[in-house]
2 protein chains.
Amino acid sequence: MRGQLTAKGKATRRRIVEGAAEVLRERGVASATLDDIMVRTSASKSQLFHYFPDGKEELLLAVAQFEADRVLEDQQPYLSRLDSWEAWEQWRDVVIKRYEAQGDECPLGSLFFQVGRSTPGARAIVVELMRRWQENLAAGIRSLQASGRLPDGLDVDARAAALLAAIQGGVSILLSTGRSTHLRAALDLGIADLRRAGETGP
Amino acid sequence: MRGQLTAKGKATRRRIVEGAAEVLRERGVASATLDDIMVRTSASKSQLFHYFPDGKEELLLAVAQFEADRVLEDQQPYLSRLDSWEAWEQWRDVVIKRYEAQGDECPLGSLFFQVGRSTPGARAIVVELMRRWQENLAAGIRSLQASGRLPDGLDVDARAAALLAAIQGGVSILLSTGRSTHLRAALDLGIADLRRAGETGP
DNA sequence: ACTACAGTGGACCGCACAGTCCATTACCAC
DNA sequence: GTGGTAATGGACTGTGCGGTCCACTGTAGT
């Protein structure tokens, strides 16, 4: 388990991570056990510890990384091409759709609360995700500036940060209440606000 | 434990809840044990089960309620008197200060993830908290309308929802990254956006 | 084909921790 | 002060679950 992984080994490892992710989403991190994961992935306990020598925590971390990667993947290609207002609207729709479908499961959130505090690993994964997400938003705003749809004077980073916060908040409220009203309101008002900034003085 | 609680009994119960809240904040819900709570509150195990017959879950729920109540209390009296722009700014400062002080501990969040799914109790607490919070924000916006600082046409609920989402998102990012940049940006832009709505055409 | 190591199976261990039980003490009512 | 119920102490139990061990099997390289 230090680099020497055959093709078969890699496949098994992947199978475990993906299966574990499913189990965690269904059962929740708190109540999911290694045995659950063994059953789901048809793996033996030795396999689990073979591929994740540090045990459950290492496995959870791997799942967290897996889930984090999925988040931005799901928003492609919209997120990386926010160069028109239509693109922003489409992206908005995708985000809302994705999180409405996800409902009250928050793989990353629960993972974070479980492993999070104390271990730097989980935090690093989330921080990196947020950074990349915000960077994409900022790039989108800048491309609107480049095409003259938004004035140059805009504080791009603050706007991107606020938008990211709007999403996170909307999602976390969706998570606890089951309703996507807040996510919609926050995104709509956030984008509208941005748009208004472009309409003042052509 | 069905109503019949002496003054002494009530005091003990309170002591347990408050002590448990401390322990949960420090150790995190995941790793806090009943023994930790026993030590902290100088209570015996029988006391714990005397006051919370359903065991750990009931205790966690009581703590969740306790923490939820604190959230809005901490923002008083500003939150309930949002009738001038100065009041909004002051409230903003209080919120930021409170959550910066809290740092990376999220009592309610972790409680929610631990008990949350599966039990309706925790969800109800959070839903109610959100409802009251948003209601306060909406009342603030309406009072600004009443004094003519904001136009009547405003979609008050959507504005309040967006603001609430902004806070939640800012806080959850503060929680994972340790930086309050997003909370500040989201609140500032949210309030600025609101304010701008009042400046268009007197 | 042999050899070395990755991959796999599954029995086994230990203990942390929620929850139970009963005995004892403090408190209130009358 | 006496009966009844609340409050408390603390030993005890049971087990769920993470983690270990060793033995067996498949497979790639020479």
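The figures here come from the full heavy-atom set of this structure, side chains too, leaving out hydrogens, waters and symmetry mates.
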Which one, [options], comes nearest to the side chain of [X]?
| X | options | value |
| --- | --- | --- |
| Thr33(A) | dT8(D), dG18(D), dT8(C) | dG18(D) |
| Asp35(B) | dA6(C), dA6(D), dA18(C) | dA18(C) |
| Phe49(B) | dT20(C), dT8(C), dG19(D) | dT20(C) |

**Side-chain heavy atoms of Tyr78(B) within contact of Asn136(B), under 4.5 Å** =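 No. Closest side-chain heavy atoms not under 4.5 Å.
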Measuring to OP1 and OP2 of [N], would you say a side-chain N or O of [X] lies under 4.0 angstrom away?
| X | N | value |
| --- | --- | --- |
| Ser44(A) | dT8(C) | no |
| Lys56(A) | dG18(D) | yes |
| Ser46(A) | dT20(D) | no |
| Gln47(B) | dA7(D) | no |
| Tyr51(A) | dT8(C) | yes |

**Prompt:** Leu48(B) has an atom CG; how far is it from atom C1' of dA6(D), in whole Å?
**Reply:**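 Taking CG of Leu48(B) and C1' of dA6(D), I get 17 Å after rounding.
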**Item:** Interatomic distance, Ile141(B) atom CD1 to Gln145(B) atom CD [nearest 0.5 angstrom]
**Value:**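 Going from CD1 on Ile141(B) over to CD on Gln145(B), the span is 7.5 Å.
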**Request:** Measure up the Trp88(A) and Trp85(A) rings against each other and bin them: parallel (under 30°), tilted (30 to 60°), perpendicular (over 60°).
**Result:**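 Taking Trp85(A) first and then Trp88(A), their aromatic rings sit tilted (interplane angle of 30° to 60°).
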**Modelled atom types, side-chain donor and acceptor of Arg98(B) and Gln102(B), under 3.5 Å** =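 Judged by distance alone, the side chains do pair up.
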**Asked** For Lys45(B) and Gly9(B), take the nucleotide of DNA chain D holding the closest heavy atom to each; which residue's nucleotide lies nearer the 5' end?
**Response**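 First, find each residue's nearest nucleotide; the 5'-ward one identifies Gly9(B).
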**Message:** Counting distance alone, no hydrogens or angles: does the base of dA26(C) have a donor or acceptor under 3.5 Å from a partner atom on the side chain of Lys8(B)?
**Reply:**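 Checked by distance alone, the answer is no.
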